Amino acid sequence: MKHPLPASPAHIGVLRLSALGDVCNLVPTIRALQRQWPDARITWIIGKGEHSLLAGMSGVEFVVYDKATGLAGMRELWRQLADTRFDVLLHMQQALRASVLSLGLKADLRVGYDKARAKDAQHWFTHRQLAPHPRAHVLESFLDFARLLGVEDLSLAWDMPIPAAARDEAAALTGDAPYLLMSPCANPRLRNFRNWSAEGYASVVEHAWVQHGLKTVLTGGGSTQEREMGSRIQALSQPGAVIDAIGGSSLKGLLALIDGARAVVAPDSGPVHMANALNTPVVGLFATTNPDRAAPYCWREHVVNRYPDAVRQFLHKDPETLPWGQRVRHPDAMSLIQADDVIRHLEAVLDTAASRQEREPSDEA
């Protein structure tokens with residue numbers, strides 16, 4: 001017997017800890033739930049870094065779990081929520097750690113992914129599973145939770161909060177100059193070969209500088225890999241064309257930088273989804289991950305997509321035969337991306353942005 005769905009939940013729990021791009025893709029689901037049930041209380045259990053990105057989001061209570069604290073952190077979180085019972089818990093993290101964390105939460109109904117999408121046997125930890133949705137984009141997979149609950153308006157909205165201090169932080173780095181934002185490195189995890197070449201990025205920097213008068217702001221974390229990449233790009237670029245802000249901004253500051261950029265260029269990583277959430281034109285660089293599943297959702301047509309080529313060349317398979325979401329873990333996959341392709345898509349998104357500005361009424365109208 002299926003557990004019944006709540007007709008009008010008073011308290012909705014959301015369990016999604018990571019990652020930065022994924023929590024950006026989840027926000028439209030939160031906004032859809034808020035439109036359907038404006039009086040419902042929403043509590044989102046989230047990772048530490050992800051919370052620093054979304055802090056201040058309207059109508060959401062955040063409970064932060066730092067993955068570095070392990071089981072001790074879980075016990076503390078369970079104590080914190082000991083008197084809380086959710087009408088429905090949306091278990092939106094396909095990982096065993098999140099499923100273990102869910103065991104200490106009280107909920108009348110636990111909703112998770114269908115068996116085809118559930119990882120680490122997540123369906124064992126839930127009462128109800130989503131309807132199958134083969135080959136779904138990550139954002140659509142999150143919206144499936146709202147669909148199951150009967151939410152009617154699934155239009156996309158983000159309204160990501162950017163405090164004044166973050167805008168001041170961004171302005172201190174960029175001044176008044178118009179700029180392109182480039183986040184050259186993805187998360188440096190083991191065998192996560194998502195980074196393009198310094199030479200390729202420098203070609204895009206040159207084009208933006210010479211053809212559009214745009215400086216390029218480099219952003220990223222403070223890892224050695226990222227700092228070295230930034231130094232190589234700057235060394236290959238004309239003097240004055242690059243502002244190296246790698247390791248120099250908070251996550252809220254990065255949001256402000258993205259919001260003020262004419263466009264963003266980055267591989268499959270958090271900044272492409274942050275740009276998507278802020279409606280900043282974005283060119284995503286994809287070869288090791290499938291953009292049909294993970295591209296910046298509203299800018300999918302402007303992705304530089306070499307994933308099918310990488311599958312054929314390095315996996316020796318037809319892309320249509322692969323399990324959904326399979327990655328090409330080969331260090332040469334991103335070399336299939338050519339600078340001319342990136343520049344062509346950059347020109348397209350800059351034109352799109354200019355056309356939008358022309359159609360929008362001015363503040364003086």
Side-chain angles (χ1 to χ4, degrees), residues 14 16-35 42-44 46-64 139 142 155-185 187 214-222 226 243-266 269-284 296-299 349-350 352-353 356-357 360 362-363:
V14 175
R16 180 74 200 197
L17 303 175
S18 60
L20 294 175
D22 289 331
V23 298
C24 288
N25 280 320
L26 195 156
V27 170
T29 298
I30 300 294
R31 297 307 189 198
L33 294 170
Q34 291 174 325
R35 287 192 299 268
I42 297 178
T43 300
W44 185 342
I46 193 170
K48 181 180 179 181
E50 291 74 14
H51 174 251
S52 67
L53 177 67
L54 297 184
M57 184 175 164
S58 60
V60 179
E61 303 169 11
F62 289 103
V63 177
V64 178
L139 186 147
F142 290 141
S155 56
L156 302 183
W158 277 269
D159 189 21
M160 301 264 282
I162 304 176
R167 296 198 184 277
D168 291 342
E169 180 184 330
L173 291 168
T174 63
D176 296 327
Y179 61 92
L180 169 73
L181 185 137
M182 184 177 286
S183 182
C185 294
N187 191 331
L214 296 176
K215 290 178 177 285
T216 294
V217 177
L218 301 179
T219 62
E226 290 167 290
I243 299 172
D244 189 351
I246 292 176
S249 70
S250 65
L251 280 174
K252 286 291 192 183
L254 176 57
L255 266 186
L257 284 168
I258 290 172
D259 193 46
R262 295 289 178 88
V264 170
V265 175
S269 57
V272 297
H273 301 291
M274 294 160 70
N276 181 72
L278 296 167
N279 200 29
T280 298
V282 55
V283 178
Y297 188 82
C298 299
W299 298 89
V349 299
L350 290 173
T352 299
R356 286 182 179 180
Q357 289 179 345
E360 290 176 356
S362 67
D363 293 338

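Fair warning: this is a prediction, and the values are worked out from it, not measured in the lab. Both backbone and side-chain heavy atoms feed into the values below; hydrogens, waters and symmetry mates do not. All residue numbers refer to positions in the sequence shown, counting from 1.
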task: Determine the sole option in Val63, Val64, Val23, Leu17 for which the side-chain contact (heavy atoms from CB on, under 4.5 Å) test with Trp44 is passed.
output: Val23

What distance separates [X] [atom1] from [Y] [atom2], expressed to the nearest 0.5 Å?
X: Cys298; Y: Leu139; atom1: SG; atom2: CG; value: 7.5 Å
X: Ser18; Y: Lys48; atom1: OG; atom2: NZ; value: 14.5 Å
X: Leu257; Y: Leu181; atom1: CG; atom2: CG; value: 6.0 Å
X: Met160; Y: Asn279; atom1: CE; atom2: CG; value: 12.5 Å
X: Ser249; Y: Leu173; atom1: OG; atom2: CG; value: 7.0 Å
X: Glu50; Y: Leu54; atom1: CD; atom2: CG; value: 8.5 Å

Just so I know, are the side chains of [X] and [Y] near enough to count as touching, which here means a heavy-atom distance under 4.5 Å?
X: Arg262; Y: Pro281; value: no
X: Leu53; Y: Cys24; value: yes
X: Trp299; Y: Thr352; value: yes
X: Leu20; Y: His273; value: no
X: Leu33; Y: Ile42; value: yes
X: Arg16; Y: Asp22; value: yes
X: Leu180; Y: Leu350; value: no
X: Ser155; Y: Arg35; value: yes

Can you see which heavy atom on [X] is nearest to which on [Y], and at what distance?
X: Ser269; Y: Ala266; result: OG-CB, 4.1 Å
X: Pro161; Y: Gly56; result: CG-C, 3.6 Å
X: Ile243; Y: Thr174; result: CD1-CA, 4.2 Å
X: Pro271; Y: Ser183; result: CG-OG, 3.4 Å
X: Ala277; Y: Trp158; result: CB-CD1, 3.3 Å
X: Ala275; Y: Val264; result: CB-CG2, 4.0 Å

Taking the side chain from [X] and the backbone from [Y], do they hold a donor-acceptor pair closer than 3.5 Å?
X: Lys252; Y: Glu169; answer: no
X: Glu226; Y: Ile246; answer: no
X: Thr280; Y: Ala263; answer: no

Pair Arg167-Asp259, side-chain contact (heavy atoms from CB on, under 4.5 Å): steps then yes or no: CA-CA 9 Å; Arg167 296 198 184 277; Asp259 193 46; 3.0 Å; yes

Any residue meeting ring-ring contact (aromatic ring centres under 6.0 Å, His included) with Tyr297, in chain and number order, not counting sequence neighbours: His137

Side-chain polar contacts of residues 214-221 - donor-acceptor pairs under 3.5 angstrom, sequence neighbours left out - could you list them?
residue	atom	partner	partner atom	Å
Lys215	NZ	Gly240	O	2.7

query: Is the Phe62 ring parallel, tilted or perpendicular to the His51 ring (thresholds 30°, 60°)?
result: perpendicular

- prompt: Taking atom types as modelled, is there a side-chain donor on Thr43 or Glu61 under 3.5 Å from an acceptor on the other?
  reply: yes

- request: For Arg31 and Ser58, test the side chains for any donor-to-acceptor distance below 3.5 angstrom and give the result as yes or no.
  value: yes

